[in-house]
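Working notes, structure below.
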Amino acid sequence: GSPPIRWCACQVRLCLSASMPSEVDRAGAAAFSCWSGFYTEAYCCDAHGEVFAEGGNPECWDSTHTFERCCPPPRRRTNSGTSSGQRLGRWPPASLLAILGSAGPLTRHAGFEVDGRGNVDFDKSEHGTPQFPVHLPAQHHQALDFYSKGSLGTLELEAYSDAADGFATSSTGPRVKGRPEDGTSRPLWFAAGSNCRPWLHCPLWVPLAVVVMDRAASMSVLLWMASLDGRPRRRAAGVFEPAAGERPTLRELWDSLAEAFYSGLSAGLMRWIGPEYAAIGLNPRQGRNVSARMLMPNHHRGIRGWRIYLPPHLCFTCCTLGLTRLRVVFVRNPFARLVSFFRMSWQGNKLKAHNRWEDFPAFVRYISDGSQSPDLEGSPLQRVRWALNGTAADDFTHDDMLHTRAMSEWLTDPSQGEWPLHLAALRVVHVEHLPEELPELAAALCSEHAFCEELPAFPKVNSFSAGVPRDVWSSLWSDTETLERVRRRYRRDFEWFGYSMDPFEEPGVRSGLGRIMSEPDAQH
């Protein structure tokens with residue numbers, strides 16, 4: 001789980017290409033090659049004209065490998081791209097734009113060759129999703145962080161209008177885009193979960209590094225992240241560019257993809273997926289190969305519609321440390337978080353033995369008993385077997401354990417290895433006070449990171465049309481044993497994020513962008 005390049009303190013090329021000669025004499029010039037690994041001509045010389053005004057990508061150059069030596073003319077531009085200089089207060093830095101550009105490694109690794117016959121698959125390695133080093137401008141030095149793209153993220157698309165070409169439509173026919181109460185367009189897609197964990201969501205266009213917690217406004221946070229993340233605009237003539245804006249966002253790209261597939265599978269593949277893979281350098285055969293992998297889960301009906309695997313380069317941008325960014329975690333009252341998950345996944349679920357409000361104590365006992373052996377590599381973490389009211393139960397799954405895991409445990413996940421989150425640097429946003437705390441977050445971005453642009457509106461996505469009735473809430477916490485189990489299980493969550501241990505205290509936490517309330521030695 002740790003980044004494969006954990007020892008770099010020098011220039012990236014020297015770290016990744018240590019076997020390359022530091023000096024090349026004229027006699028050996030014929031055998032000299034500028035390119036190795038993800039250092040390609042397109043990436044280093046900025047052949048697509050997306051990032052640098054002149055001089056190419058400074059991440060690529062040292063005393064031997066220079067722009068003048070390696071990049072054939074014409075590669076200098078004065079009317080496109082941004083300055084290759086990385087001054088404090090400018091966001092995003094050119095090094096980050098480059099790694100996410102059409103020729104950058106986080107895009108090029110959308111597909112990689114798995115055999116000698118030109119077949120490609122989504123990229124993966126023994127360490128999981130490949131992570132690449134990025135040097136970022138910081139005060140008096142260059143900060144080194146590691147970036148990746150979420151691996152095999154899923155996107156749920158609205159029902160398609162053409163069942164004949166491989167996708168089934170819903171029983172009520174294709175859905176039509178609606179208008180929620182805030183007047184914004186409801187997208188034709190649904191981001192089915194965060195895929196950066198245990199690392200951070202690090203969107204391209206805003207210097208935020210965000211920890212997303214299940215059942216803590218996670219759907220709203222992910223939709224917001226999709227409006228902050230994206231890639232550089234493609235500027236080469238004739239190259240597929242579905243985004244209209246100067247700063248293409250994931251939301252804009254996913255909107256375009258979903259619109260294409262809304263007309264049918266064939267239309268989506270021909271109008272969007274084919275041109276998209278061609279734009280990042282895959283030939284038609286490779287594009288078909290990876291498209292088949294993308295469509296593998298299309299038979300699965302999710303919350304919004306039929307699922308597809310997103311190619312990695314269209315997933316959220318992740319980073320390991322969140323350096324040069326404002327690091328944030330969105331949290332929620334542990335009492336409300338538990339009730340929300342029970343209501344969403346257990347209440348009325350015929351696959352669960354305990355699916356009524358009256359069964360909530362059994363649900364809490366599952367969480368309490370199952371947490372005593374937190375084997376994160378198991379599947380599930382612990383199968384809890386006991387009888388309640390004469391009914392044998394074995395319905396607390398690995399997925400249930402993950403969704404009810406303490407927020408403090410996610411922040412100290414052992415899989416972070418040698419790169420644990422710096423808890424003291426995290427700002428805490430309480431979802432109970434979003435209207436007050438989001439402006440404070442924007443102010444901190446401006447004062448601490450010189451990023452004073454207006455942020456997109458935070459979307460409101462509700463899983464339920466109404467809240468839990470007061471009488472139901474009272475009955476859930478009337479049992480003393482159930483209440484004490486929750487207090488013990490989530491003690492650190494209550495303490496770290498400032499929540500009251502009284503489920504009847506409203507709102508249960510004081511307003512204000514906060515910090516984690518813990519002793520230094522409790523962070524590890």
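Quantities reported herein were computed from a predicted structural model and do not represent experimental measurements. These numbers come from the heavy atoms of this one structure, side chains and all, not from hydrogens, waters or symmetry mates.
Phe363 has its ring centre no less than 6.0 Å from the ring centre of His354. Aromatic pair Tyr366/Trp346: centroids less than 6.0 angstrom apart. Aromatic ring centres of Phe330 and Trp410 lie farther apart than the 6.0 Å criterion allows. Between Phe342 and Phe360, the distance from one ring center to the other falls under 6.0 angstrom.
Results of the ring-ring contact (aromatic ring centres under 6.0 Å, His included) test with Trp272 over Phe240, Phe261, Tyr277 single out Phe240 as the only residue that passes. Considering Glu276, Lys149, Arg231 in turn, Glu276 is the only one that fulfils the side-chain hydrogen bond (donor to acceptor under 3.5 Å, both in side chains) rule with His313.
The pair Lys352-Asp400 meets the salt-bridge criterion, with a side-chain N (NZ, NE, NH1 or NH2) lying under 4.0 Å from an Asp/Glu carboxylate O. A salt bridge links Asp214 with Arg197: the distance from a Lys NZ or Arg NE/NH1/NH2 to an Asp or Glu carboxylate oxygen falls below 4.0 Å. For the pair Asp369 and Arg489, the salt-bridge criterion is not met [side-chain N within less than 4.0 Å of a carboxylate O]. In this structure, Arg247 pairs ionically with Glu453, as a charged nitrogen and a carboxylate oxygen lie closer than 4.0 Å.
With sequence neighbours excluded, no residue forms a side chain to side chain donor-acceptor pair (under 3.5 Å) with Trp224. With sequence neighbours left out, the side chain to side chain contact (heavy atoms under 4.5 Å, CB included) criterion links Arg343 to Gln347, Trp357, Phe464, Val468. Shown here are the side chain to side chain contact (heavy atoms under 4.5 Å, CB included) partners of Ala442, two or more places apart in sequence or in another chain: Leu455.
Cys202-Cys196 SG separation is not under 2.5 Å; the pair is not scored as a disulfide. Here the two cysteines Cys44 and Cys71 have their SG atoms 2.5 angstrom or farther apart.
A distance-only check finds a donor-acceptor pair linking the side chain of Asp493 to the backbone of Met407 [under 3.5 Å].
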